[in-house]
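In the text below, chain A, chain B and the rest are named by the order of the sequence lines, each starting its count at 1.
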Number of protein chains: 2
Amino acid sequence: MSNYQNDQIKHFADVFKALSNPNRLRMFLHLATCCVPGTVGSFDAEAGVSACVGDLGRDLQIVPSTVSHHIKELHRAGLIRMERRGQKIECWVDPVILRDLARFFEEPLAK
Amino acid sequence: MSNYQNDQIKHFADVFKALSNPNRLRMFLHLATCCVPGTVGSFDAEAGVSACVGDLGRDLQIVPSTVSHHIKELHRAGLIRMERRGQKIECWVDPVILRDLARFFEEPLAK
DNA sequence: CATATATTTCGATACATGTCGAACTATCAA
DNA sequence: TTGATAGTTCGACATGTATCGAAATATATG
């Protein structure tokens, strides 16, 4: 049986809900593959390699207010971090969440 | 940037949607931790170690029709497999999907 | 200050979801 | 064949979600 407690289940369900919208999943992947601090040459706002809200909406065919809404959801679920830098708001993924999620699916196999 | 194509994104979004409901996630974890063929001593319907629809609904406080609905969603998303055995319908998790999902979150870190 | 850029908030709308209960189908066993 | 057990299907209802556009806020710059 699963070892997860009720709160953890609800937390992960919430995380998966945040990733259940294709546009939101695209944004998350964009950040996860470009903007994870610790990943080689990926997070460097000075060098322009991180992503701001506007970057994430580009190529996505949705208006800024919708992008903002989606980013709020990702942030609420604890999937991304944000910090204002001048006019822009930089977003990135904490690698810890990626490891947690990978382990979530690996654990049942490891038993 | 992400290497996933549109169809793959939609597929994963669909998988996460299936896992975004706490009750459904509980059912999936139940199966993933007890009923994965290949996992030591876990999948043996004869020995009564697999789970049928009724087993999955027990302890969950929802009526059978709702359980059935949730299982259909998990199946539709490709997360579980089902097979009738007499009156009962046995469910289990294909370990391949667990590996795919683990890799989905590991990949960005490995780069 | 006035204007431009970046983002958020709000209200509206159309659509999807979770749950229930009642009625139905499938299988087994007497 | 009758009844019991296991699941599914259907319709209803309340709630949640994705998206838009308009208006508001924050920051930088002339």
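Looking at B/D59 and B/R26, no side-chain N of the basic residue comes within less than 4.0 Å of a carboxylate O on the acidic one, giving no salt bridge.
For the pair B/R24 and C/dT17, the criterion of a side-chain N or O lying under 4.0 Å from OP1 or OP2 is not met. An OP1 or OP2 oxygen of C/dT8 is reached within less than 4.0 angstrom by a side-chain nitrogen or oxygen of A/S68. Contact check, A/K17 against D/dT17: a side-chain N or O comes under 4.0 Å of OP1 or OP2. OP1 or OP2 of D/dT9 lies within a sub-4.0 Å distance of a side-chain N or O belonging to B/K72.
Closest contact between the side chain of A/P64 and the listed nucleotides D/dT19, C/dT8, D/dG7 involves C/dT8. The listed nucleotides are C/dC20, D/dA18, D/dT8; the one nearest the side chain of A/H70 is D/dA18. Candidate nucleotides D/dT8, D/dT19, C/dT19 were compared by shortest atom distance to the side chain of A/I62, and D/dT19 ranks first.
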Q.
Each nucleotide in nucleotides 22-30 of chain D should get exactly one letter: B, S or -. Can you fill that in based on protein heavy atoms under 4.0 Å?
A. B---SBS--
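Contact between B/Q87 and B/R84 at its shortest, heavy atoms only, is O-NH2, 3.2 Å.
Under the 6.0 Å cut-off for aromatic ring centres, B/F105 and A/F16 do not qualify, their centroids lying 6.0 Å or more apart.
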Taking distance alone, no hydrogens or angles, what donor-acceptor pairs closer than 3.5 Å link side-chain atoms of residues 94-104 of chain A to residues at least two apart or in another chain?
from: A/D94; atom 1: OD1; to: A/V96; atom 2: N; distance (Å): 3.0
from: A/D94; atom 1: OD2; to: A/R81; atom 2: NE; distance (Å): 3.3

Using a cut-off of under 3.5 Å, enumerate the N/O to N/O pairs linking the protein to nucleotides 11-15 of chain D.
none

